[in-house]
Amino acid sequence: MKKTTEVKQMELTIANANPSPGPSFADPGEIGFGKIFTPHMFQMRYGRDRGWHDAEIVPLHPLALHPATSFIHYGASIFESLKAYRREDGKIFLFRPEMNFKRMNASARRICMPEIDVKFCITVIKELVRLDRDWVPKWPGTTLYIRPAMFADDPSLGVHVSPTYYFFIIMSPVGSYFGNGSLKLWVEEDCVRATHGGTGASKMAGNYAGSLLAAERARQKGYSQVIWLDAVEHRYVEEAGAMNIFFVVNREVVTPQLTDTILNGVTRDSILRLCEQESIPATERKVSITEIIAGLKDGTCTEVFGAGTAAVISPVSHLGYRDEEYQVGDGNPGPITKKLLDTLQGIQFGTKTGPSGWSLTID
Ligand SMILES: *Cc1c(COP(=O)(O)O)cnc(C)c1O
């Protein structure tokens with residue numbers, strides 16, 4: 001079977017691609033996160049002279065790389081993160097995918113990579129999900145995780161802007177990112193994730209390598225992730241692991257305002273828009289860790305949650321800070337967290353109507 005679709009100047013070739021039956025999971029607990037992949041992938045190549053070319057959907061396959069390949073040594077690699085959601089009647093939805101590819105272009109600009117065509121990439125994802133549609137799992141809360149990525153593939157050892165790049169999209173049926181239950185977060189005061197003028201606002205591979213040590217130390221203390229503080233004063237809250245972070249303080253939703261050290265999450269943006277729609281007061285501002293700890297002690301900070309595509313909205317039950325552990329509310333997800341999660345998931349899974357343009361149907 002061979003099929004081509006013209007999108008702008010680029011042709012999408014679909015070669016050796018036949019729909020294949022989905023996996024046979026007995027229950028959602030078997031799915032895990034990001035270990036099983038669908039049978040097809042998308043790939044395209046970039047050359048300084050030719051632009052993007054050879055766009056094709058092909059069977060999933062390993063990549064053969066020269067050991068001198070640029071990104072392996074110097075980290076020129078970026079990625080994105082989105083999901084396909086299956087409604088009970090079988091209909092499949094994407095959630096605000098254009099935001100992901102616009103952000104991917106922002107990441108690309110930060111490290112001198114070529115930009116991609118947002119509309120073309122959305123067409124590609126629709127074709128890819130349509131082909132592997134039986135791999136979108138059907139249990140509540142399970143999804144098909146979609147991972148676009150791009151890296152510099154020039155085999156040359158000088159630190160340089162690569163003349164060539166490889167872009168691909170792979171897909172993986174996933175269950176819950178953190179398993180069920182609430183998170184315990186450790187307030188990290190030693191390592192930092194991002195500095196002003198650095199790459200923290202882009203989804204660049206190296207940012208995640210740099211975060212592993214702190215996450216690992218937190219894990220050894222019994223916490224699932226860290227809360228990152230600003231790199232200058234170690235005082236203002238930035239993010240929670242690879243999630244944006246929200247607090248409910250005096251019945252108001254509060255999240256750190258965007259700077260060049262905070263990743264502009266699609267989930268974060270959606271939560272702020274939903275608060276507006278539901279008349280829940282919400283503010284973007286600087287949030288100091290001392291304000292939050294004081295609020296947990298005197299009961300004015302009642303809810304804490306992390307937000308991201310993989311983790312959706314993850315309630316936080318405890319914060320570990322210096323020598324103490326602080327419980328959030330009664331340790332269970334609070335009413336605003338639950339309401340936002342319910343609304344957001346309803347829109348993502350196509351059972352609730354969101355703002356116009358948020359849901360894209362795959363038919
Ligand atoms: C991806 C990511 C997020 C969440 O972004 P979403 O678009 O909501 O998935 C937050 N922080 C970091 C550091 C991230 O990498």
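Basis for what follows: all heavy atoms, side chains included, without hydrogens, waters or symmetry-related copies. Positions are given from 1, in the same order as the sequence printed here. Whatever order the structure lists them in is the order used to number ligands and atoms, beginning at 1.
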(message) Are the side chains of Thr38 and Leu128 in contact, using a 4.5 Å heavy-atom criterion?
(response) no
(request) Test Glu291 against every option in Arg235, Lys286, Arg285, Lys297 by the salt bridge (charged side-chain N to carboxylate O under 4.0 Å, His left out) rule and name the one that passes. (result) Arg285
(request) Quick one: look up the protein heavy atom nearest atom 13 (C) of ligand 1 and list residue, atom name and how far away it is. (result) Arg193 NH1, 3.4 Å
(request) Number the atoms of ligand 1 from 1 as they appear, then name those within less than 4.0 Å of a heavy atom of Gly308, with their elements. (result) 4 (C), 8 (O), 9 (O)
(request) Answer yes or no: does an N/O atom from Val266 fall short of 3.5 Å to an N/O atom of ligand 1? (result) yes
(request) Taking the six-membered ring for Trp and the full ring for Phe, Tyr or His, determine whether the centres of Phe120 and Phe101 are under 6.0 Å apart. (result) no
(message) I need the nearest protein heavy-atom contact for atom 3 (C) of ligand 1: residue, atom name and distance, please.
(response) Ala242 O, 3.3 Å
(request) Return the residue, atom name and 0.1 Å-rounded distance of the protein heavy atom closest to atom 15 (O) of ligand 1. (result) Tyr208 OH, 2.4 Å
(request) Count the heavy atoms belonging to other residues, nucleotides or ligands that lie under 6.0 Å from CZ of Arg251, then report whether that count exceeds 12. (result) no
(request) Starting from atom 11 (N) of ligand 1, find the nearest protein heavy-atom neighbour and note its residue, name and distance. (result) Glu239 OE1, 2.5 Å
(message) Under 4.0 Å, heavy-atom basis, I'd like to know which part of Lys203 is in contact with ligand 1: side chain, backbone, both or neither.
(response) side chain
(request) Answer whether the closest heavy-atom distance between the side chains of Ser182 and Asn332 falls below 4.5 Å. (result) no
(message) Please find the pair of heavy atoms, one from Phe167 and one from Pro148, that lie closest to each other, and give the distance.
(response) CZ-CB, 4.1 Å
(request) Decide whether an N or O pair under 3.5 Å exists between Arg268 and ligand 1. (result) no
(request) Between Thr309 and ligand 1, find which residue part has any heavy-atom pair under 4.0 Å and reply side chain, backbone, both or neither. (result) both
(request) Return a yes/no value for Thr267: is any of its N or O atoms, backbone included, closer than 3.5 angstrom to an N or O of ligand 1? (result) yes
(request) Could you tell me if the ring centre of Phe305 sits under 6.0 Å from that of Phe246? (result) yes
(message) Please list, in number order, the atoms of ligand 1 under 4.0 Å from a heavy atom of Arg103.
(response) 5 (O), 6 (P), 7 (O)
(request) Starting from atom 5 (O) of ligand 1, locate the nearest protein heavy atom and write down its residue, its atom name and how far away it is, to 0.1 Å. (result) Gly265 CA, 3.3 Å
(message) Quick check: Ser81 and ligand 1, any N/O pair under 3.5 Å apart?
(response) no
(message) By the definition side chain to side chain contact (heavy atoms under 4.5 Å, CB included), identify the one residue from Met104, Met99, Lys102 that meets it with Glu80.
(response) Met104
(message) Whether Asp363 and Arg130 form a salt bridge (side-chain N of Lys/Arg under 4.0 Å from carboxylate O of Asp/Glu) is what I want to check.
(response) yes
